[in-house]
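In what follows, chains are A, B, ... by sequence order, proteins preceding strands, each numbered from 1.
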There are 2 protein chains.
Amino acid sequence: MKNLPDKTVERLCQYRRSLNNQLATGKTHIFSHEIANLLHITSVQVRRDIMLIGHSGTLRKGYDIKEMVKLIGKIIDTKEGQRIAVIGMGNIGKAFIHYLYEKRSKLKVVASFDVNPDKIDKTYADVYCYHFGRLKEIIQKEDIKIGIITTPPMVAPEVCENLVTAGIKGILNFTPKPLSVPDDVYLEEYDMITSLEKVAFFVKHNE
Amino acid sequence: MKNLPDKTVERLCQYRRSLNNQLATGKTHIFSHEIANLLHITSVQVRRDIMLIGHSGTLRKGYDIKEMVKLIGKIIDTKEGQRIAVIGMGNIGKAFIHYLYEKRSKLKVVASFDVNPDKIDKTYADVYCYHFGRLKEIIQKEDIKIGIITTPPMVAPEVCENLVTAGIKGILNFTPKPLSVPDDVYLEEYDMITSLEKVAFFVKHNE
DNA sequence: TTTTGCTTGTTAATTAATTCACAGCTATAA
DNA sequence: TTATAGCTGTGAATTAATTAACAAGCAAAA
């Protein structure tokens, strides 16, 4: 279960979300092509992903939704849940905290950091904001393993280094500045502007 | 130049950003392996992308940074710039507006929409916020071709439909709700929570 | 009971993306 | 001038991701 392809992991997360929505409507079983339609992908892809996680559907009845949600949870979540820090309490940082506050999942933001005195020592959606200088201390005390970087790009490398030495094992970098980390730390990067520029490119070239 | 692979387009955007940074340091030429290092990819990849856009470097001197920036601009930007609307003035919506306000690029947010009376008829970073009911009117009047959806997921499909009928040609969906659009509209989707769950997965399976 | 139609699970084929490997060139050093 | 070292550009090979194709099974209809 360890060696699932990147893309499959992404889709599993999406399956779970959609399946939960379906559960809420009272459905108990679902066909691969129904899942596919929800996510606008092909049913083969869905079946293949399900195959990769070693699950089986019932012929002619489809997949048991509850079972699948549970299984995906087993694959993605840890039993105790994972503890997260947000570094940089700008709009994006707040968005994360807000979102994870609403959906209670196994992912929990337990601390945030900033250097702006207006933000420090305040609480946003139950998450306390510490001064960045206390990063290492708090991360170790709170047993935080995942960090989300939502600072201005310029300071991202410094933040990253601090996270790594504090013992973080996964980083989600929302900064346009590419970071590098040791092999034992997982790094995921996303840049909003690149996404937007991509859209702009295809709009330009479609007419 | 029309048929660049998706991934190449993304990287070109990143090259441009990095190259601009390099320009600011006074450099005039750069080697493929230097670009590669900045972005943590391989130099072959860089050279191949540059090949795909039909550019050539100078042997032993590398690529002329200014020229490359200009060329990438020609590929990605339109001459007049592209006009953008943000629908949903929550944290993410604000983040976009703020970001595009600072970097003045060819991408310009010229209108935002919400349904919250506290936000309507106010201005954020020079962007006026209209009531969602006026979407079509304003989009057509302002000749907006790209929409960024940053509303609550529930209303995203409705927003999407409205954007399409208003004549939008590209949509960036920041909602976890998958959307569908006609063939002549380009759709890019991103879900922050999926990214985070992916990090969580790999952290879990790395130890 | 037999047939029909529909769905899963999976192997094989295809397509997309990346990396290898190296020919060809050129500035610099010898 | 003649090596030498280093970088570009690109076909060929490899790897990753997706899609096609279909055997196998089962529920419902005939």
For [X] and [N], what is the distance between atoms [atom1] and [atom2] respectively, to the nearest whole Å?
| X | N | atom1 | atom2 | answer |
| --- | --- | --- | --- | --- |
| B:Ile41 | C:dA17 | CD1 | P | 15 Å |
| B:Glu10 | C:dA17 | CD | C1' | 13 Å |
| B:Leu39 | C:dT18 | CG | C1' | 16 Å |
| B:Leu52 | D:dG11 | CG | C1' | 14 Å |

Would you call A:Arg134 and A:Glu137 a salt bridge, using N to O less than 4.0 angstrom?
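Salt bridge between A:Arg134 and A:Glu137, a charged N being under 4.0 Å from a carboxylate O: yes.
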Axis-to-axis angle between the two ends of the helix from C:dT1-D:dA30 to C:dA30-D:dT1 (five base pairs per end, rounded to 10 degrees):
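Its terminal axes enclose an angle near 10°.
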Ring centres under 6.0 Å, that's the criterion: do A:Tyr99 and A:Tyr101 meet it?
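Centroid distance A:Tyr99-A:Tyr101: not below 6.0 Å, so no.
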Atom NZ of B:Lys177: over 12 foreign heavy atoms under 6.0 Å:
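For B:Lys177, atom NZ is not crowded (no more than 12 foreign heavy atoms under 6.0 Å).
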Assign the ring pair [X] / [Y] to parallel, tilted or perpendicular, where the plane angle (0 to 90°) is split at 30° and 60°.
| X | Y | result |
| --- | --- | --- |
| B:His98 | B:Tyr124 | tilted |
| A:His33 | A:Phe31 | parallel |
| B:Phe174 | B:Tyr190 | tilted |

Are the side chain of A:Thr194 and the backbone N or O of B:Arg11 linked by a donor-acceptor pair below 3.5 Å?
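No; judged by distance alone, with no hydrogens or angles, the pair does not exist.
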Pair A:Ile148, A:Ile84 - check side chain to side chain contact (heavy atoms under 4.5 Å, CB included), show working.
CA-CA 7 Å; A:Ile148 304 176; A:Ile84 301 175; 3.8 Å; yes
For nucleotides 4-16 of chain C, give me one character per nucleotide, 5' to 3': B if any protein heavy atom sits under 4.0 Å from the base, S if the only such contacts are to the sugar-phosphate, - if neither.
-BBBBBBBB----
